[in-house]
Amino acid sequence: MSKDVDIVADGANSIEQHIDRYLIRVFDHQGIDETWRKELLTFNQVLEKTLRVRLSDGKIHHFVAFRVRHRNPYPTGTYPYGGGVRFDAGVNLFQMRGLAKGMTLKAAVVDVPHGGAKGGVALDHAQYTAADIQVIAEKYIEEFNGNIGPQLDRLAPDMGTNERIMGIFANKYSTLNQGKVTNPSAAISGKPVARGSDGCRGRIPATALGGHYVVEELRNLKEIRGGSLTVAVQGFGNAGSHFIRFAADFGMTIVAVSHTPGGVYNDKGLSYVELQKTYSAEGDLTLHRPGVKISNEDLLTLPCDLLVLAAREHQMTADLASRTRARTILELANDPTLPEAGAILRDRNILVVPYILASGGGLIVSYYEWRSNMRNKVLTEKAVFEGLRRRMHRNTDAVVAASEQFNADSLEFAAYNLAVERLLHPIMGKHLGQWKTDEADPDYLFE
Ligand code: NAD
């Protein structure tokens, strides 16, 4: 097998196992029987294909690619599945299945009426030119074309994909489906705003800003206490860098940040603009000054009020959980805390804000983009941020209320209980449980 198609087995501690273990705990807790359990433990569709492309070196390359649809509680043809596409060396089947399940739960917790899906291509994108990435992205759409659509499955950005790639996806999808699909743009979210204005303003910082709104509401509810918060951020990509960008507006001082090469610490505070300058000039934040070079492990164990995990899955291990000195952990990345680490953090009374709530901002604004494209309307950035803020506040309140309702020992268990209640109780006939989505975002947003 060439390195392009190497699959890393991820069985033992996979995202899917973490989710399934939690779901089973919740099913037992809520007395849900076997039939309904299967609704969330199984998949609608798991697709694996090999993308075969000729790249700029003149050679044929093979890349393993996936699109997994987990569950959509809405009737076919009304609301689509939705979820990101990853271009990353770590992409594999187990990861895709876990991330798709996570999307279904996230959509339920942040009240977005889309099913959960995930896709990806196993590749180290640093090794390919922009032109090669375009060829691979177009091939991805060609291979999965029949499974994508505005009312079938909507793609979004994730690790290694950005608005440029979303623009390439959208162009390719529109070209392949011209005259056959109405509103083809709605099949892809996270598109550039400049591209005929069919992208959505505010989509790029939405995940980070959504995380801020969750923390803001947890502070309103006194679940998080303290005046100005000191913050360490792992990850300086889309989620992490934009979290830092808005930190001062939410009464936070960034004292440390890290990315793949390592990090930098400065107890006097780090500025987003200055960090960006170092990143653009050097590509390595460990060289940022004034500040002290630190390792990723140092960052995860620094004393701070808030530790933001915005890099990738499985970063908080049991060992680090027993040594971390953060008071609260915000999960912006998908599944960054291993289950055994979660148990240690719970015992140590460290509040963990789970990703199925905290990182839902991108999904919410992808949904706004889908709605705008379906109606041929445009949203202002102000309307997007206001809608995002209200949704995050309302659903943070719902998770905190679920803690009490389900006697939960963590916000994670509360959020899982809320998701299962919203996904399964209506189809089980337990209560009507209509989601109030359209009321939450009245049409004035679209004027
Ligand atoms: P990205 O590719 O833009 O950035 C990832 C960042 O993490 C980079 O700075 C990288 O250097 C750093 N990183 C990777 N491995 C690391 C490690 N071991 N230690 C320290 N830093 C490391 O990705 P992103 O879009 O910001 O996504 C980050 C996480 O957030 C992922 O788990 C993703 O699934 C999740 N997420 C992203 C979005 C979104 O809208 N982009 C939405 C929801 C969830």
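A quick note: this is a predicted structure, and the numbers were derived from the prediction, not measured. Order of listing sets the numbers, starting from 1, for every ligand and every atom in it.
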Side chains of K118 and Q95, heavy atoms from C-beta outward: is any pair under 4.5 Å?
no
Have a look at F243, Y279, F236, F87 and point out the one with the heavy atom closest to atom 9 (O) of ligand 1.
F236
Does only the side chain of M103 get under 4.0 Å from ligand 1, or the backbone, or both, or neither? Count heavy atoms.
neither
Which of the numbered atoms in ligand 1 are below 4.0 angstrom from a heavy atom of S359?
43 (C)
Going by the closest heavy atom to atom 13 (N) of ligand 1, which one wins out of V365, L332, L299, T260?
T260
Validate the cation-pi geometry between K49 and F66: distance from NZ or CZ to the six-membered ring centre under 6.0 Å, angle to the ring axis within 45°.
no
Using a 4.0 Å heavy-atom cut-off, say whether A156 meets ligand 1 through its side chain, its backbone, both or neither.
neither
At under 4.0 Å between heavy atoms, which part of N162 makes contact with ligand 1: side chain, backbone, both or neither?
neither
With heavy-atom distances below 4.0 Å as the criterion, list the atoms of ligand 1 near D158.
33 (C), 34 (O)
Check ligand 1 against A310 and write out every atom of the ligand that is under 4.0 Å from a heavy-atom position of the residue.
28 (C)
Quick check on E313 - does any of its heavy atoms sit under 4.0 Å from an atom of ligand 1?
no
Honestly, is R69 close enough over Y81, meaning NZ or CZ under 6.0 Å from the six-membered ring centre and within 45° of the axis?
yes
Closest protein heavy atom to atom 18 (N) of ligand 1, given as residue, atom name and distance to 0.1 Å
Q315 OE1, 3.3 Å
Can you sort out which atoms of ligand 1 are near N296, meaning under 4.0 Å from one of its heavy atoms?
19 (N), 20 (C)
Minimum distance, heavy atoms only, to atom 5 (C) of ligand 1: which one of S241, A311, G235 is it?
A311
So which heavy atom in the protein is nearest atom 38 (C) of ligand 1, and how far is it from that ligand atom?
T207 OG1, 3.5 Å
So, do Y213 and F250 sit near enough that their side-chain heavy atoms are less than 4.5 Å apart?
yes
Any side-chain heavy-atom pair from V214 and T396 closer than 4.5 angstrom?
yes
Numbering as shown, the atoms of ligand 1 that approach G160 to under 4.0 Å (heavy-atom distance):
2 (O)
Out of all atoms in ligand 1, which are within 4.0 Å of some heavy atom of A239? Include the element for each.
26 (O)
So is R25 actually on top of Y22's ring, under 6.0 Å and inside 45° of the axis?
yes
Could you list which atoms of ligand 1 come closer than 4.0 Å to a heavy atom of M159?
2 (O), 23 (O), 27 (O), 31 (C)
